[in-house]
There are 2 protein chains.
Amino acid sequence: MTAAQGRLDPLVRGGGMAAWRQIADAIESDIVSGRLAAGSRTPPEMQLAERFGVNRHTVRRALTHLAQSGLVRSAQGKGTFVEPRPLAYPLGEKTRFSEVMAKAGKEARGELLFAQHISANAEAAEALAVEIGAPVLEMHTVNRADGVALSLSRTWLPLPRFSGLDQLFARKGSLTKAYSKLGVDDYRRLSTRISARPAEPEEATALAIPPGKTLLVVKSVNVDPAGVRIQATQSRFVADRVELVVER
Amino acid sequence: MTAAQGRLDPLVRGGGMAAWRQIADAIESDIVSGRLAAGSRTPPEMQLAERFGVNRHTVRRALTHLAQSGLVRSAQGKGTFVEPRPLAYPLGEKTRFSEVMAKAGKEARGELLFAQHISANAEAAEALAVEIGAPVLEMHTVNRADGVALSLSRTWLPLPRFSGLDQLFARKGSLTKAYSKLGVDDYRRLSTRISARPAEPEEATALAIPPGKTLLVVKSVNVDPAGVRIQATQSRFVADRVELVVER
DNA sequence: CCGGATTTGTGCGTATGTATT
DNA sequence: GAATACATACGCACAAATCCG
């Protein structure tokens, strides 16, 4: 347990565990327990140094460690702040972006960047189980929660079945609603594959993040109730902002 | 379709899609279809330029794009090589590392880096549903397939129930087998959460990758048949080498 | 707009214990 | 056992950014 206000928090010296690790653990404990709320400022480094009875350097090592794992962020002149915990994003058979956000008390909105009719390349053809060269609708979208960009998606839909879906999506801001207008009242996830890589410059621009930031790449295929593949999507989530949760 | 040997592969000029994108698509198609095998060398840039009737610069743009998405890797003086496709790693209720690897025709081996008895910190306590400070066994392991490091794991197990499991694991090289020795013949996945971030220096060393490379971080909790939490694991997969597949 | 106070960022020097060679 | 390297920790000083009266 960590002293809330108290003058000193004892460390086990010379016991195998480095002082800075113990400090990092203590602060992490303060964060996950809620004693340090998300968005709040941690005590200044000097104050922490006093509390643990160590040099400021030692505190700084603990803080840089916590910053690397994304729990805090330091700003020169301002202080060190507790980062908001990433949004839990469920990966289930019936995950609907808008419903997920609604439950989290956030307002979801999909924004259509552009759409085009193209011939299926190898990847799209395989995902949708159509011939290479078959006509497909390609949509590029950004998904936001309360205005902050969470993911950038590239979606392929078979044509002519879903001709005009881009217009519907642009108006509704939700795939589920757009599908509904075209008579698809239900759909489910057929497959989900996950990888990760740094953001390329174009992606970084679209998501308003610095290039090179880590993206979680989720490739998924959706089918209608009859089992027909109706959608292949590659979503690139800002790894800092979401945590994917496997549902069963 | 791409000409296997043929002299020229036609591009659609002035049709909205840049030449280099079409070339990238064509080469990608060669790769995913298997016409260009993993590990093999692509034709030299000059040869590709002839085949598509473009300047070598245009081919290079396509190849850089493919390199960024991890499909190929160029080596000065040697050529451009098709990267091995990432290993599909299923995330299911009953995923067993050794079984997954066996099915993929690879030899799995877990290597114990070190183990220690510690007091549960906030994270471990929450995952195992024990009190903060309760005794737990912490194991650090590297999992390899055919010798190449796939993941680095930190595992927490409640004590005293699993006292000595580290010794068993070190000998067997498999958690499943070690559990079996302690009377746990079955277990299943309770929860799985996925995030991603760059590798820290220590992690990079353990996995023999350059620091900063992207890691897929999978946090999971396993329970025994009675539903009691027996293991909390944080696995860090080299994102280049695996693709997580959600099973249902 | 100034100027001081606060807070993080950076650099140097020193010392100690541990592990490797 | 000696030499070397590395991780850890402390102390001091100043720079840079921010805040506030």
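Sequence lines set the chain letters: A, B, ... in the order given, protein chains first and strands last, and positions in each chain run from 1.
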For [N] and [X] - does any side-chain N or O of the residue sit under 4.0 Å from the phosphate oxygens OP1/OP2?
X: A:R60; N: C:dT8; result: no
X: A:S74; N: C:dT7; result: no
X: A:T80; N: C:dT7; result: no

Mind calculating the distance between [atom1] ([X]) and [atom2] ([N]) to the nearest angstrom?
X: A:N55; N: D:dT8; atom1: CG; atom2: C1'; result: 11 Å
X: A:R56; N: D:dA15; atom1: CZ; atom2: C1'; result: 12 Å
X: A:E50; N: D:dA9; atom1: CD; atom2: C1'; result: 17 Å
X: A:E45; N: C:dT7; atom1: CD; atom2: P; result: 10 Å
X: A:L48; N: C:dT8; atom1: CG; atom2: P; result: 8 Å
X: A:M17; N: D:dA9; atom1: CE; atom2: P; result: 11 Å
X: A:M46; N: C:dA5; atom1: CE; atom2: P; result: 17 Å
X: A:F52; N: D:dC10; atom1: CZ; atom2: P; result: 13 Å

> Taking it one step at a time, do A:S29 and A:R35 satisfy side-chain hydrogen bond (donor to acceptor under 3.5 Å, both in side chains)?
Replying inline: CA-CA 8 Å; A:S29 166; A:R35 283 189 293 273; 3.2 Å; yes

With no hydrogens and no angle check, is any side-chain donor or acceptor of [X] less than 3.5 Å from a backbone partner on [Y]?
X: A:Q22; Y: A:M17; value: yes
X: B:R154; Y: B:E138; value: no
X: B:T42; Y: B:T80; value: yes

>> Using the side-chain contact (heavy atoms from CB on, under 4.5 Å) definition, which of the options B:I27, B:I31, B:L63 pairs with B:L71?
In response: B:I31

>> Assess whether a salt bridge exists between B:E203 and B:R197, defined as any Lys/Arg side-chain N lying under 4.0 Å from an Asp/Glu carboxylate O.
In response: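 A salt bridge links B:E203 with B:R197.
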
>> Can you classify the ring geometry of A:F114 versus A:H140 as parallel (below 30°), tilted (30 to 60°) or perpendicular (above 60°)?
In response: parallel

> Quick one: what's the B/S/- string for nucleotides 16-21 of chain D, heavy-atom cutoff under 4.0 Å, read 5' to 3'?
Replying inline: BBSS--

> Which parts of residues 62-71 of chain A get close to DNA chain C, meaning a heavy atom less than 4.0 angstrom away?
Replying inline: none

> With a non-hydrogen cut-off below 4.0 angstrom, is A:R41 in contact with a base, only sugar-phosphate, or nothing?
Replying inline: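 Contact class for A:R41: sugar-phosphate only.
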
> With sequence neighbours left out, which residue pairs that include part of residues 59-78 of chain B fulfil the salt bridge (charged side-chain N to carboxylate O under 4.0 Å, His left out) condition?
Replying inline: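 Only B:E45-B:R60, B:R73-B:E83 qualify under salt bridge (charged side-chain N to carboxylate O under 4.0 Å, His left out).
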
> Under the salt bridge (charged side-chain N to carboxylate O under 4.0 Å, His left out) rule, what pairs show up with a residue in residues 84-100 of chain B, not counting sequence neighbours?
Replying inline: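 Qualifying pairs, neighbours excluded: B:E93-B:R188, B:K94-B:D186, B:R96-B:D186.
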
Produce the list of close N/O pairs, under 3.5 Å, pairing protein atoms with atoms of nucleotides 19-21 of chain C; give distances to one decimal.
none

Below 3.5 Å is the cut-off: list the nitrogen or oxygen pairs between protein and nucleotides 11-18 of chain C, distance only.
residue: C:dG11; atom: O6; partner: A:H57; partner atom: NE2; Å: 2.8

> Looking at B:Q231, B:R161, B:R229, which hits side-chain hydrogen bond (donor to acceptor under 3.5 Å, both in side chains) with B:D224?
Replying inline: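 When side-chain hydrogen bond (donor to acceptor under 3.5 Å, both in side chains) is applied between B:D224 and each of B:Q231, B:R161, B:R229, only B:R161 qualifies.
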
